[in-house]
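Some notes on the structure that comes next.
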Amino acid sequence: MSGIRFAKDHEWVKVEGDIATVGISPYAQEQLGDVVFVDLPAIGKKVEKGKELAVVESVKAASEVYAPVSGEVVGVNEALGDAPGTVNEDALGKGWFAKVKMSNKAELDALMDEAAYKTFCEGLH
Amino acid sequence: MTTPNPLTNTISGNRGLQIEEPLIFEMDAPGRSGVDLPAVPQHKERLGGLKRKSEVGLPGLGESQVVRHYTKLSQKNYAIDMSVYPLGSCTMKHNPRLNEKIARLNGIADLHPMQPVSTVQGALEVIDTLAHWLKTLTGMPAVAMSPAAGAHGELCGMLTIRAAHLAKGNARKRILVPESAHGTNPATAASIGYEVDPVPADDRGRVDLAAFKAKLGPDVAGTMITNPNTCGLFENDIIDIADAVHGAGGYFYCDGANFNAIVGRVRPGDLGVDAMHINLHKTFSTPHGGGGPGAGPVVLSEALAPYAPLPYVTHGKNGFDLVEQDDSGKAFGRLKGFHGQMGMFTRALSYILSHGADGLRQVSGDAVLNANYLQASLRGDLSAAFPGTCMHEALFNDDFLEGTNVTTLDFAKAMIDEGYHPMTMYFPLVVHGALLMEPTETESKTDLDRYIEVVQGLARRAKGGDATYFQGAPYHTPRRRLDETLAARQPILRWKPEQAKKAAE
Amino acid sequence: MRYLPLTEADRQAMLAKIGAPSVESLYADVPNGALQKAPIAGLSNHMAEMEVERFIGAMARKNIGTNEAPSFLGAGAYRHHVPASVDHLIQRGEFLTSYTPYQPEVAQGTLQYLFEFQTQVALLTGMDVANASMYDGATSTTEAVAMANRVTRRKKAILSGGLHPHYREVVETHGRHTGFETVSAPLDATGKEDLAKLLGPDASCVVVQNPSFFGHVHDLKALADAVHAAGALLIVVVTEIVSLGLITPPGEMGADIVTAEGQSIGNPLGFGGPYVGLFAAREKFLRQMPGRLVGQTADVDGRRGWVLTLSTREQHIRREKATSNICTNSGLCALAFTIHMSLLGESGLNHLARLNHANASVLADRLAGLPGVKLINDSFFNEFTLQLPKPAIGVVEELAKRRILGGVPVARLVKDKAAENLLLVAATELTTEAEMDALESGLKEVLK
């Protein structure tokens with residue numbers, strides 16, 4: 001399985017082996033505006049698909065970031081501590097949030113591919 | 001030769017009466033003080049070996065410098081004393097100075113809270129008299145006086161409800177809160193462990209009664225409803241709502257933030273309310289003081305009264321008593337140090353006595369009249385969020401700005417340049433781009449007319465396609481739009497000596 | 001009516017514009033029967049300004065104020081001198097009658113003084129950051145416990161027996177109803193308790209007051225080490241903020257959060273409120289702090305300015321996930337604090353603190369010499385505990401009959417047989433030798 005996949009709550013996942021890198025989509029960062037803080041999970045935390053993984057804050061809003069897949073947090077993007085704006089500048093790249101060691105790769109099947117997600121966002125206007 | 005722009009280019013950076021002012025820490029001369037004190041007498045030092053070795057780091061200034069510093073700071077603020085302050089749900093009415101005089105009387109301002117009760121009978125009488133007015137105006141049998149502000153009052157009311165449920169063996173789980181509620185409501189309910197279950201608004205801006213009833217069940221501890229609500233509307237199903245929640249064994253907490261609309265005309269006790277806080281700093285004119293202090297006494301129904309917190313005033317054999325320790329075991333506990341916001345009680349009582357029962361009725365009538373006049377006058381230019389008349393505040397959405405590229409925020413900032421504090425923006429959340437205006441009863445028709453003209457003029461300018469003007473506003477304030485992203489990304493929350501060194505380099 | 005500017009002609013013209021027949025008709029949504037047709041019965045009608053002054057003035061005259069009688073009360077509220085310019089400045093309408101600074105362009109005055117306030121509080125307590133105030137010392141302390149619970153993800157607070165009983169009760173009340181445990185050490189009149197032995201792996205924090213409710217001054221470094229070793233936070237409470245002009249600040253002794261009552265600086269006794277809660281913490285806990293914070297930034301022209309910041313912690317944004325439900329705080333009391341502290345400055349605060357300590361020390365020596373009276377404290381700042389030969393409540397009543405406000409009986413605040421004869425006595429810069437004479441001779445007479 002390759003390529004990027006998206007959840008309805010605007011998280012993205014890139015998979016290498018059984019490690020999923022998770023971030024939020026360009027659409028999500030645009031809706032939030034300037035990101036000022038990201039509350040990242042502790043390494044070792046067990047997360048469940050659809051439950052809170054992190055919190056991302058703009059000046060006037062705080063939004064939960066839900067885990068698109070279940071598993072254990074094995075890495076977090078410490079660089080966001082000093083430069084939360086990276087989420088705005090490079091949402092799909094350097095603005096990643098966490099790496100999750102997946103416990104159930106079948107969960108990926110429920111996520112959208114890039115084209116499906118694009119259609120999904122257009123429906124939201 | 002080019003002439004510097006006289007609008008921006010003064011040598012000092014000052015602009016006439018707008019004077020630049022450094023931080024107090026940047027005006028230091030070591031050893032200087034604005035206070036003279038008597039000599040320290042001979043004594044035995046008993047500090048347990050913990051005498052401070054480090055300097056605090058406070059700057060030294062003379063009195064004249066301090067007076068000028070804070071005078072200049074004050075001149076960078078907008079205030080009710082200057083003009084209309086139409087912040088919806090904040091009730092920014094005139095603050096009579098008589099209240100300030102009364103609060104500073106000898107025998108009130110200089111009382112220690114722990115003096116023997118025999119020496120503070122008059123103070124307890126002030127509290128008791130105010131309590132009597134609050135109970136009578138709301139038609140409720142009891143009042144807890146100690147909460148320090150509205151949110152603290154909410155906590156008090158919800159703890160009383162929780163204690164009443166606990167006395168029956170089960171605190172229950174859920175609190176129903178309308179989506180239009182002030183943020184303190186869900187925050188309060190959640191802080192004491194209740195699950196907040198949001199109730200949608202109907203298309204008339206009121207609680208959706210059917211949806212409300214559908215959510216009721218044996219695990220519902222109660223509901224928190226603001227009435228008149230944050231859309232500036234009276235919940236006309238309020239008695240059905242109260243009956244329904246009582247039928248499910250729950251209690252009705254009413255957020256009294258908007259009591260100014262009905263004071264002297266409607267008693268919440270007649271609507272089935274079990275607990276309601278009263279913001280003395282809204283309805284009863286105690287000054288907002290840049291964000292406090294407030295006071296939030298909570299009136300209580302018969303069912304909840306036994307669980308009220310400590311302390312409370314009673315009528316004893318030898319005058320007033322103050323109950324500070326609980327013998328019944330029912331009081332839910334204590335909410336703050338000492339007895340409550342006495343300084344706010346005296347101010348509120350002064351306001352209440354000044355108006356009397358007849359005047360308070362006029363207060364609500366004029367407040368509602370002013371808001372409706374505002375709504376009617378702006379109807380052609382702004383877009384009212386809901387049809388019909390309103391209570392003490394008029395709510396508009398941003399439909400009138402559609403296609404202009406001007407946002408509610410831009411519109412608000414342009415109002416600042418016109419000499420007005422903006423209305424409440426983007427609240428309540430149930431209305432898109434909300435503009436919530438509360439003129440209060442202390443505005444004259446002349447002042448309202450002038451305000452209306454300005455708002456109309458701005459709406460027309462926005463529709464006329466002058467978006468850039470709005471996006472750059474304000475232009476004439478001590479500071480223009482401030483970078484909130486920078487403040488949040490790199491928080492600087494205090495002055496540090498290193499900053500001074502850096503600046504000097 | 002003097003506060004209502006609409007004339008009858010205005011009202012008619014406005015109703016015509018609205019298209020409503022009467023003001024009553026605007027209340028059509030009020031259910032039948034709930035709308036009062038006449039002023040609510042049983043209440044008086046409006047009064048002239050002079051009538052109100054007479055009415056409330058009569059109540060004020062029934063009290064004995066601390067300006068009229070020798071007063072030695074403390075226990076978390078202290079009689080200090082407030083310079084005339086403080087009360088003048090806080091009554092400027094631009095401060096007094098402005099709202100919370102949500103529109104920063106027209107609230108730079110409020111925002112800048114709050115930034116100065118935050119800095120002063122951080123400096124005094126020896127901490128990294130402070131917020132823009134809480135309601136009072138007791139509620140501030142409760143918020144600190146809630147914050148420690150969030151930071152440590154534990155739910156058990158250990159409370160010192162030297163903590164002000166009201167503060168303890170407020171924390172216990174919150175604990176009971178919000179689901180955390182409190183372990184309250186026995187009343188510690190002698191200042192000898194060992195809190196470290198109450199620590200366990202489940203404690204979120206230890207709350208200790210310094211100087212304690214009974215006046216003792218403690219070195220908290222060893223306790224701080226023990227608390228940190230157990231993975232908990234040390235919360236230090238200060239009820240007499242003037243003490244920090246002379247005593248090692250909590251931040252230098254390992255405190256993680258400092259809460260305090262700020263009334264002593266700039267604010268009158270006022271029968272217990274409104275006061276101003278101070279709240280300071282280590283920077284690493286910033287995101288878990290309650291209440292408003294003012295931060296520095298720049299405007300579009302690059303000029304330094306101030307805004308409310310990190311608001312996502314607060315109820316108006318975070319709603320049920322907020323760090324606290326606090327909204328209104330103690331803005332104007334914080335301003336009084338800031339102005340008074342600015343007037344004092346480094347040398348003034350130090351002088352003030354020394355004067356307080358000296359007067360208390362002189363008074364303690366005089367009272368400890370009375371027959372049957374024992375001074376409990378080895379150390380104190382401006383308040384100490386006396387053991388009397390009989391119940392303190394009765395003694396204080398007897399003194400009041402002689403128009404002497406002789407201190408706070410511990411039993412007024414705690415029902416504890418062991419505390420029955422204990423009296424807290426405070427002196428400040430306002431305490432004169434004549435007042436000390438009055439208390440000394442009054443006490444001698446009453447204890448005879």
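- Between the side chains of B/His112 and C/Arg79, no donor N or O sits under 3.5 Å from an acceptor N or O.
- From C/Gln112, atom CD reaches atom CG of B/Asn77 across 10.5 Å, with rounding to the nearest 0.5 Å.
- If you measure heavy-atom distances from C/Ile40 to chain B, the contacts under 4.5 Å come from both the backbone and the side chain.
- A side-chain donor from one of B/Ser74 and C/Arg92 sits under 3.5 Å from a side-chain acceptor of the other.
- Classified by interplanar angle (parallel below 30°, tilted 30° to 60°, perpendicular above 60°), the ring pair C/Tyr99/B/His288 is tilted.
- Ring pair C/Tyr3/B/His94 is tilted by interplanar angle, where 30° to 60° counts as tilted.
- Below 30°, between 30° and 60°, or above 60°: for B/His152 and C/Tyr135 the angle between ring planes is between 30° and 60°, a tilted geometry.
- Ion pairing between a basic and an acidic side chain is recognised when a charged N comes within 4.0 Å of a carboxylate O; C/Asp301 and B/Arg481 show no such pairing.
- Residue C/Thr100 comes nearest to B/Gly291 through the heavy atom pair OG1-CA, 3.4 Å, listed as atom of the first residue, atom of the second, then distance.
- Only one option out of C/Thr119, C/Val294, C/Thr309 pairs with B/Leu493 in a side-chain contact (heavy atoms from CB on, under 4.5 Å); it is C/Thr309.
- The aromatic rings of B/His339 and C/Phe271 sit tilted, their planes meeting at an angle between 30° and 60°.
- No donor-acceptor contact under 3.5 angstrom links the side chains of B/Tyr78 and C/Glu105, judged on distance only.
- When all heavy atoms are compared, the tightest approach of B/Leu50 to C/Asp219 is CD1-N, 3.4 Å.
- C/Thr248 and B/Arg52 share no donor-acceptor pair across their side chains, judged by distance under 3.5 Å alone.
- Between B/Leu58 atom CG and C/Leu124 atom CG the span is 5.5 Å, to the nearest 0.5 Å.
- Side-chain N or O atoms of C/Thr297 include one that pairs as donor or acceptor with a backbone N or O of B/Asp483 at under 3.5 Å.
- No hydrogens or angles considered: a donor-acceptor pair under 3.5 Å links the side chains of C/Arg2 and B/Ser354.
- Neither the backbone nor the side chain of B/Leu233 comes within contact range of chain C; no heavy atom of the residue lies under 4.5 Å from a heavy atom of that chain.
- Distance alone, capped at 3.5 Å, places no donor-acceptor pair between the B/Thr477 side chain and the C/Val106 backbone.
- Of all the heavy atoms in C/Gly270 and B/Met342, the pair that sits closest is O-CB, 3.3 Å.
- Residue B/Tyr85 touches chain C through its side chain alone, counting heavy-atom pairs closer than 4.5 Å.
- When heavy atoms are compared at a cutoff of 4.5 Å, C/Val300 approaches chain B by way of both its backbone and its side chain.
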